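The structure displayed is predicted, hence computed values, not measured ones.
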Amino acid sequence: MKKLQNVLYLTRDSLYAHKEREAIVIKEEQNTLQKIPIHSIAAIYCFGQAKVSPGLMAHCSENDVNLAWFDLFGRFQARIQGRQSGNVLLRRAQYRISDNNPVDIAKNIIAAKIQNGRNVLQRHIRNNGDNEEVSRVIGALRFSIEQAGNAKSVEQLRGIEGEAAAQYFSVFQHLIKPSLQDEFVFNGRNRRPPRDAINALLSLLYAVIGQDVSGALNAVGLDPQVGFLHADRPGRDSLAQDILEEFRAYLADRMAVSLINKQQIKARDFETEASGAVKLKEEARKALYAAWQQRKQEVILHPFLNEKVEIGLLPHIQAMLLARHLRGDLQQYPPFYIAK
């Protein structure tokens, strides 16, 4: 099993990271802020104008360290890709199924996504008592899961997924504590750019988790750009977006709600630009990344493997399971979902 290593987040424009022997040195102007053993870092994520030396880029490329850049809204900008080392036969199988028979994998992913969203709502009911609107959506999502299981085409699946997402987000505001609902108002999912605090938080978390997924797919030799549900598009890691669907509710949505309800993230931690775009302020982003790193250390029982695993390893496990399915070792791809 892969050892869970740390992710280094460079969140300020003035930060500069470079390699010095066996350490990553982080500087701000002429001041050295931190030295980190290089072997302990699995990924480096740069936000805004944070900079990385060519020597550190080369190290990342040669050692499969995921190095990626995001803008301040968490939108993916670029990543370093080293020499392709994946198994060519595995990739050929991926391309063949993506072109000819993507429905079986795609419908497993969508059914798992809807189930995980349904689970978030059920968890809210268990912890806070019954809510008529939330209960209605839980019932509607059960029907969506049945529809996904019977889908005959990717286009049909996309329609089912879109309707289920609209239902799920129609009651998302109920997950916020009543005392905080005047400060955090959510009227549905919006992005590019996000126009309210909750959407800004969700977009940032989806982007960060998506990069973890992309790195995990590369690590097992799959092509992150060729998916089964998301269409090919230049510059988009479509397969990473496919697998991210399994994790949106369980990892990102639950964490966003928790950060707000526990007031680890407050309304004053966001700022609105002249364009109407809402983004998380720098200090709050640091708090979010710290919380995400902590969450990755938590141990759960993987529902398919029936083994205890760290949450941070879930993208690697799902990438491995997908590779085993494409090689013919597993009859179906088992997506990640929590039944209850």
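- L322 pairs with exactly one of I109, I243, D242, V220 by the side-chain contact (heavy atoms from CB on, under 4.5 Å) rule, that one being I243.
- Applying the salt bridge (Lys or Arg N to Asp or Glu O under 4.0 Å) test to residues at least two apart or on different chains, none of the pairs has a partner in residues 315-327.
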Audit row: H302, L321, side chain to side chain contact (heavy atoms under 4.5 Å, CB included) steps and yes/no: CA-CA 12 Å; H302 190 281; L321 292 173; 4.1 Å; yes

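- By the 6.0 Å and 45° rule, R248 stacks over the aromatic ring of Y206.
- With a 4.5 Å cut-off on side-chain heavy atoms, V137 and E133 do not count as touching.
- Using a 4.5 Å heavy-atom cutoff, the side chains of L288 and L280 are in contact.
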Test log, rule side chain to side chain contact (heavy atoms under 4.5 Å, CB included), inputs Q122 and R126: CA-CA 6 Å; Q122 290 174 315; R126 285 197 301 272; 4.0 Å; yes

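- Within the 3.5 Å criterion, the main-chain N or O of R21 finds a donor-acceptor partner in the side chain of K19.
- A continuous path of hydrophobic side-chain contacts links F270 to Y289 [ILVMFWY only; heavy atoms under 4.5 Å].
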V257 and I198: CA distance, side-chain angles, deciding distance, side chain to side chain contact (heavy atoms under 4.5 Å, CB included) verdict: CA-CA 9 Å; V257 169; I198 294 178; over 6 Å; no

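- Under 3.5 Å, the side chains of D212 and Y45 contain a donor-acceptor pair of N or O atoms.
- Placement of L10 and M57 within a single hydrophobic cluster is found when ILVMFWY residues are connected by side-chain heavy-atom separations under 4.5 Å, directly or transitively.
- For the pair R295 and Y250, the cation-pi criterion (under 6.0 Å, within 45° of the ring axis) is fulfilled.
- For the residue pair Y333 / D104, no side-chain donor-acceptor distance below 3.5 Å is found, with atom types taken as modelled.
- A side-chain N or O of S203 and one of R189 form a donor-acceptor pair less than 3.5 Å apart.
- Listed for the K266 side chain is no donor-acceptor partner under 3.5 Å among the backbone atoms of Q264.
- Scanning both residues, Q293 and Y9, for their nearest heavy atoms gives OE1-OH, 3.4 Å.
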Worked verdict on E271 versus V278 for side chain to side chain contact (heavy atoms under 4.5 Å, CB included): CA-CA 6 Å; E271 56 188 348; V278 176; over 6 Å; no

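- Side-chain contact, N199 with D196: a donor N or O sits under 3.5 Å from an acceptor N or O.
- For the 3.5 Å distance criterion, the side chains of Y168 and D253 qualify, holding a donor opposite an acceptor.
- No chain of hydrophobic side-chain contacts below 4.5 Å, direct or via other Ile, Leu, Val, Met, Phe, Trp or Tyr residues, connects Y16 to I41.
- Remark: the backbone N or O of R96 is paired with a side-chain donor or acceptor of N100 at under 3.5 angstrom.
- Between the side chain of E161 and the backbone N or O of K113, no donor-acceptor pair lies under 3.5 Å.
- W292 contributes atom CH2, which lies 10.5 Å from atom CD of Q297 (distance to the nearest 0.5 angstrom).
- Nearest heavy-atom pair across A323 and L222 is N-CD1, 4.2 Å.
- The nearest pair of heavy atoms linking A267 to F184 is N-CZ, 3.4 Å.
- In terms of modelled atom types and a separation under 3.5 Å, the side chain of K177 and the main chain of N261 share a donor-acceptor contact.
- Looking only at distances, a side-chain donor or acceptor of S238 sits under 3.5 Å from a matching main-chain atom of A231.
- Of all heavy-atom pairs between I145 and A111, the closest is CG1-O, 4.1 Å.
- F186 and L180 end up in the same hydrophobic cluster when Ile, Leu, Val, Met, Phe, Trp and Tyr side chains are linked at under 4.5 Å.
- Hydrophobic clustering, with ILVMFWY side chains joined whenever heavy atoms are under 4.5 angstrom apart, groups V213 together with F304.
- Between the side chain of S214 and the backbone N or O of P224, no donor-acceptor pair lies under 3.5 Å.
- When atom types are taken as modelled, the side chain of Q181 and the backbone of Q173 share a donor-acceptor pair closer than 3.5 angstrom.
- Other residues, nucleotides and ligands contribute more than 12 heavy atoms inside 6.0 Å of the CD atom of E298.
- When all heavy atoms of I160 and S144 are compared, the pair lying nearest together is CG2-O, 3.6 Å.
- The backbone N or O of L141 lies less than 3.5 Å from no partner atom in the side chain of R118, so there is not a single donor-acceptor pair.
- When atom types are taken as modelled, the side chain of K27 and the backbone of Q34 share no donor-acceptor pair closer than 3.5 angstrom.
- At least one side-chain heavy atom of L175 sits under 4.5 Å from a side-chain heavy atom of L121.
- Residue A151 comes nearest to V103 through the heavy atom pair O-CG1, 3.9 Å, listed as atom of the first residue, atom of the second, then distance.
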